[in-house]
Amino acid sequence: MKRTIHTARAYAMALALATTISMMSCQTQDNSDEPALKDGQEQTVITAQSANITRAVVFFPEEELVDIVNYVLNTDYDAISGETKLSWDLLADEKDMAQIFSEINFRLAVNIPWVEQENIETFGDLVNYVKKHFNGSYNNPDIIFSKVQRIISEQSNISISQIYLHSDLKRDLGMDSLDVFETAMAIEEEFAIEIPDEYIERIKIVEDYILYLRHR
């Protein structure tokens, strides 16, 4: 149902864009068509807004915590069991733990107070605390870019290796207006945010998606 709603919004917004282009073309030929076209455009925008009636739950990136532990401890775990003791099993000393907490604060905007740090003994304790306080914010541009790359690849069947920060969505990646809107919908669902339709209409390159995520 959610996918149907998102698709409806994307089609409606693509239609609104097409209507706008048609209106501009008609204005150069016959100004008498202008009022009717504006009425039609307004109705389309209302339809697009009414289609946006569901929001995704906050996505919790547990794999990001695994990546943080790997980064700090210089390890290469694909996954970490919740029962794993950070100091005993992973040999994380006091300095390592301080760096893990600092990295979590930087990447995921979750500050773990000292009194709470003392209660975190296992990876499961860490996951549970961050999951409880995570609000969907990402401050790591590399993570944002990799996720946007994956979403664009899934939405348009383009290899991730062909998607760069400054790739032009239409010229370089062959996406049309509907693809751009569908990708925005998928990004909204992934990051549990809402991108205004007016902003989506101005998206030209991959970086435009990322700039909104970083500065929302």
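Quick caveat: nothing in here was measured; it's all calculated off a predicted structure.
- For Tyr77, there are no ring pair (Phe, Tyr, Trp, His ring centres under 6.0 Å) partners at least two apart in sequence or on another chain.
- Residues satisfying the side chain to side chain donor-acceptor pair (under 3.5 Å) criterion with Ser156, sequence neighbours excluded, are absent altogether.
- Checked options Asp179, Thr183, Ile152; the residue passing with Leu173 is Ile152 (criterion: side-chain contact (heavy atoms from CB on, under 4.5 Å)).
- Follow the hydrophobic side-chain contacts under 4.5 Å out from Ile210 and you reach Tyr199 in the same cluster.
- At a threshold of 4.5 Å between non-hydrogen side-chain atoms, the residues Asp197 and Ile200 count as touching.
- Of the inter-residue distances, the one linking Phe123 atom CZ with Ile80 atom CD1 reads 4.5 Å to the nearest 0.5 angstrom.
- Arg171 CZ to Lys204 NZ: the interatomic distance, rounded to the nearest 0.5 Å, is 11.5 Å.
- Residue Gln155 holds its CD atom at 10.0 Å from CE of Met185, rounded to the nearest 0.5 Å.
- Cluster membership for Ile144 and Leu165, using ILVMFWY side-chain heavy atoms within less than 4.5 angstrom, is shared.
- Heavy atoms from other residues, nucleotides or ligands lying under 6.0 Å from OH of Tyr71 number 12 at most.
- For the side chain to side chain contact (heavy atoms under 4.5 Å, CB included) test, residues two or more places apart in sequence or in another chain that qualify with Asn111 are Asn105.
- Put simply, CE on Met175 and CD1 on Ile158 are 6.0 Å apart, with the number rounded to the nearest 0.5 Å.
- Under the 4.5 Å side-chain criterion, counting only non-hydrogen atoms from C-beta, Thr75 is not in contact with Leu90.
- One hydrophobic cluster, built from ILVMFWY side chains closer than 4.5 Å, cannot hold both Ile205 and Ile187; they sit in different ones.
- A 4.5 Å side-chain heavy-atom check between Tyr209 and Ile151 finds every atom pair outside the cut-off.
- Heavy-atom contacts from other residues, nucleotides or ligands closer than 6.0 Å to CG of Asn119 number more than 12.
- For Asp67, the salt bridge (charged side-chain N to carboxylate O under 4.0 Å, His left out) criterion is met by Arg107, not counting sequence neighbours.
- Tyr129 places no side-chain N or O within donor-acceptor distance of the main-chain N or O of Gln117, the cut-off being under 3.5 Å.
- Looking at residues two or more places apart in sequence or on another chain, you find no side chain to side chain donor-acceptor pair (under 3.5 Å) involving Glu94.
- For the salt bridge (charged side-chain N to carboxylate O under 4.0 Å, His left out) test, no residue two or more places apart in sequence or in another chain qualifies with Glu121.
- With sequence neighbours left out, Leu91 forms a side chain to side chain contact (heavy atoms under 4.5 Å, CB included) with no residue at all.
- Under the side chain to side chain contact (heavy atoms under 4.5 Å, CB included) criterion, Ser161 pairs with Ser159, sequence neighbours left out.
- With rounding to the nearest 0.5 Å, the separation of CD in Glu201 from CD1 in Ile195 is 12.5 Å.
- In this structure, the side chain to side chain contact (heavy atoms under 4.5 Å, CB included) partners of Glu154, at least two apart in sequence or on a different chain, are Arg150.
- The backbone N or O of Tyr164 sits less than 3.5 Å from a side-chain atom of Ser167, completing a donor-acceptor pair.
- Summarising the geometry, atom CD1 belonging to Ile120 is positioned 8.0 Å from atom CG belonging to Leu86; distances are rounded to the nearest 0.5 Å.
- Under the salt bridge (charged side-chain N to carboxylate O under 4.0 Å, His left out) criterion, Asp172 pairs with no residue, sequence neighbours left out.
- No side-chain donor-acceptor contact under 3.5 Å links Asn128 to the backbone of Asp125.
- A distance-only check finds no donor-acceptor pair linking the side chain of Glu62 to the backbone of Val127 [under 3.5 Å].
- Within the structure, side-chain hydrogen bond (donor to acceptor under 3.5 Å, both in side chains) pairs that include any residue of residues 80-93 comprise Ser81-Glu83 (at least two apart or interchain).
- For the pair Ile203 and Phe181, the minimum side-chain heavy-atom distance is 4.5 Å or more.
- Put simply, the side chain of Leu108 reaches to within 4.5 Å of the side chain of Leu65, judged on heavy atoms.
- Residues that satisfy the salt bridge (charged side-chain N to carboxylate O under 4.0 Å, His left out) test with Arg202, not counting sequence neighbours, are absent from this structure.
- A heavy-atom distance below 4.5 Å is not found between the side chains of Gln162 and Ser153.
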